[in-house]
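Everything below concerns the one structure shown next.
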Amino acid sequence: MNTKKVVINPEAMDKSLIREMGEILKNGGLVSFPTETVYGLGANALDAEAVSGIFRAKGRPGDNPLIVHLADAKDVATVAREIPEAAEKLFAHFSPGPLTVILKKRPEIPEVVTAGLDTVAVRIPSHPIARELILSSGVPIAAPSSNLSGKPSPTKAEHVIVDMDGRVDAIIDGGECSVGLESTVIDVTGEYPTILRPGGVTPKEISAVLGSVRLDKHILKSVGAAEQPRCPGMKYRHYAPDADVVVFEGEPDKVYEKICEALRTNEKKPVGVLCLGKKDYDADVVLSVGVDSRAYAQKLFDALREFDRLGVKQIFAEFSIDDGFGLAVQNRLYKSAGNHVIHVE
Ligand code: TXA
Ligand code: MG
């Protein structure tokens, strides 16, 4: 397949190009597009055949459901059959933005979108290109992150091109994503609102609106072979670069000491370190991700892909929890490391 690549400036959008991309979606094609979190791979959510194409292009397991993207919170009732009060509050406070709400689905949503579940994941992205594209397609857009299954999500068009060139109809380059990791997924269909995946809206922000919120037990834990997690995506290896990743978590000075020690005995070369702020590690590649978890979130996937590009075989990653995007970064790091985490005392 010949993939059409277009550049659209989110501040001065070329409406005719957006219309052309919207037509491709409406007619059953696949288009990669920027959102404020990560790049998405979109298809018409009402067209089962188009949505199957997403699974083929990504190599995604068929039991992992997709998020349906809408241009406006007023359209939620077109895809969900019940909108509980908690959902109303969440959409009122956080939409458009990096939040996905699990609701009971309407029968019009094909089974392939929801992997046969009775629920549907709904998100209203704030990125202007994503919103204009959805509007111009005139349909809800099913979209996972636009990476090959298992790889880090793309935060730049060049990441999408590496994974998806030749596999999709079009790729829109709209610049770098500002959040850098995916939306928070929250399920409001049960007795207690529960965060299934931490992301661009923090548990603290959600608690402030709902009074309280639970965290799913699989956020920082691997899923056992016999377990069926509420968020099917949780059971797959994710965000994984080619290199082996080890996370060193704890107080920053002690983490530094431990990584220096690990570098002295490490035999897998080249070796890279992912660190908070500037550090003088004796490694082949040192990538700095800024000083707090929001900056870490924004650069994390780009850094993992950069290590791959440079052929790095072993990555040591610093981590220190804070109450910004701390939990979301921690979740992605743990997954990229296959839960190989060293807690530094
Ligand atoms: O920020 C984002 O959410 C990005 C952008 C493109 O919007 N999308 C994204 O999609 O991260 P994806 O497919 O990579 O992740 C969707 C997650 C998966 O872990 C999936 O299992 C979960 O949402 N999910 C989808 N539908 C669900 C449902 N009905 N119940 C529980 N979990 C669901
Ligand atoms: Mg994904």
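One-based numbering, in listed order, for ligands and for the atoms of each. Predicted model, so just to flag it, every value in this text is computed and none were measured. Numbers here are sequence positions counted from 1.
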| note | among protein heavy atoms, the one nearest atom 21 (O) of ligand 1 is N64 OD1, 2.6 Å
| note | Per-atom filter on ligand 1: closer than 4.0 angstrom to a heavy atom of T37 are 1 (O), 2 (C), 4 (C), 5 (C)
| remark: Which of D173, I171, L17, I172 passes side-chain contact (heavy atoms from CB on, under 4.5 Å) with V7? Answer is D173
| In terms of residue, atom name and distance, what is the protein heavy atom nearest to atom 24 (N) of ligand 1? | P65 CG, 3.8 Å
| query | Given the side-chain rings of F248 and Y256, with only the six-membered ring counted for Trp, is the space between their centroids under 6.0 Å? | reply | no
| task | Please indicate whether D282 has more than 12 foreign heavy atoms, meaning atoms of other residues, nucleotides or ligands, lying under 6.0 Å from its CG. | result | no
| note | of all protein heavy atoms, closest to atom 15 (O) of ligand 1 is R197 NH1, 3.1 Å
| Using a distance threshold of 2.8 Å, what protein N/O/S atoms lie below it relative to the Mg ion (ligand 2)? | S145 OG
| Do the ring planes of Y296 and F319 sit parallel (below 30°), tilted (30 to 60°) or perpendicular (above 60°)? | tilted
| At a 4.0 Å threshold, what atoms of ligand 1 neighbour a non-hydrogen atom of T119? | 28 (C), 29 (N), 30 (N)
| message | Using a 3.5 Å cut-off on N or O atoms only, is R123 in polar contact with ligand 1? | response | yes
| request: For atom 31 (C) of ligand 1, find the nearest protein heavy atom and state the residue, atom name and distance (0.1 Å precision). | output: R230 O, 3.2 Å
| query | Relative to ligand 1, is R60 under 4.0 angstrom through side chain, backbone, both or neither, heavy atoms considered? | reply | side chain
| Salt bridge flag under 4.0 Å for residues R305 and E158 | no
| field | Distance from atom 22 (C) of ligand 1 to nearest protein heavy atom, with residue and atom | value | C231 SG, 3.6 Å
| request: May I have the step-by-step check of side chain to side chain donor-acceptor pair (under 3.5 Å) for T100 and S183, ending in yes or no? | output: CA-CA 6 Å; T100 295; S183 61; 2.7 Å; yes
| Minimum heavy-atom separation for G97 to R123, with atom names? | O-NH1, 3.0 Å
| query | Could you walk me through whether S153 and E182 pass the side chain to side chain donor-acceptor pair (under 3.5 Å) check? | reply | CA-CA 8 Å; S153 300; E182 303 84 349; 2.4 Å; yes
| Which residue and heavy atom of the protein sit nearest atom 7 (O) of ligand 1, plus the separation | H69 NE2, 2.7 Å
| task | Please say whether more than 12 non-hydrogen atoms of neighbouring residues, nucleotides or ligands are located less than 6.0 Å from NZ in K5. | result | yes
| task | Rounded to the nearest 0.5 Å, what's the gap from NZ on K58 to CG on D163? Could you check? | result | 8.5 Å
| task | Flag yes if more than 12 heavy atoms outside K335 fall under 6.0 Å of its NZ atom; otherwise flag no. | result | yes
| field | Shortest protein contact, atom 3 (O) of ligand 1 (heavy atom only) | value | S183 OG, 2.5 Å
| query | Which atoms of ligand 1 sit under 4.0 Å from any heavy atom of S145? | reply | 8 (N), 9 (C), 10 (O), 12 (P), 14 (O)
| said: Below a 4.0 angstrom heavy-atom separation, can you tell me which part of L66, side chain or backbone, both or neither, approaches ligand 1? | reply: backbone
| query | Which atoms from ligand 1 have a heavy atom of L117 less than 4.0 Å away? | reply | 28 (C), 29 (N), 30 (N)
| Are E108 and R81 ion-paired here, with the side-chain N under 4.0 Å from a carboxylate O? | no
| request: Can you pull out the closest protein heavy atom to atom 6 (C) of ligand 1? Residue, atom name and distance to 0.1 Å, please. | output: G40 CA, 3.5 Å
| message | Counting only nitrogen or oxygen atoms and a 3.5 angstrom limit, does E182 reach ligand 1? | response | no
| message | Keeping D284 on the side-chain end and G272 on the backbone end, is there a donor-acceptor pair under 3.5 Å? | response | no
| said: Does K4 have more than 12 heavy atoms from other residues, nucleotides or ligands lying within 6.0 Å of its NZ? | reply: no
| query | Looking at I67, which atoms of ligand 1 are within less than 4.0 Å of one of its heavy atoms? | reply | 3 (O), 8 (N), 9 (C), 10 (O), 16 (C)
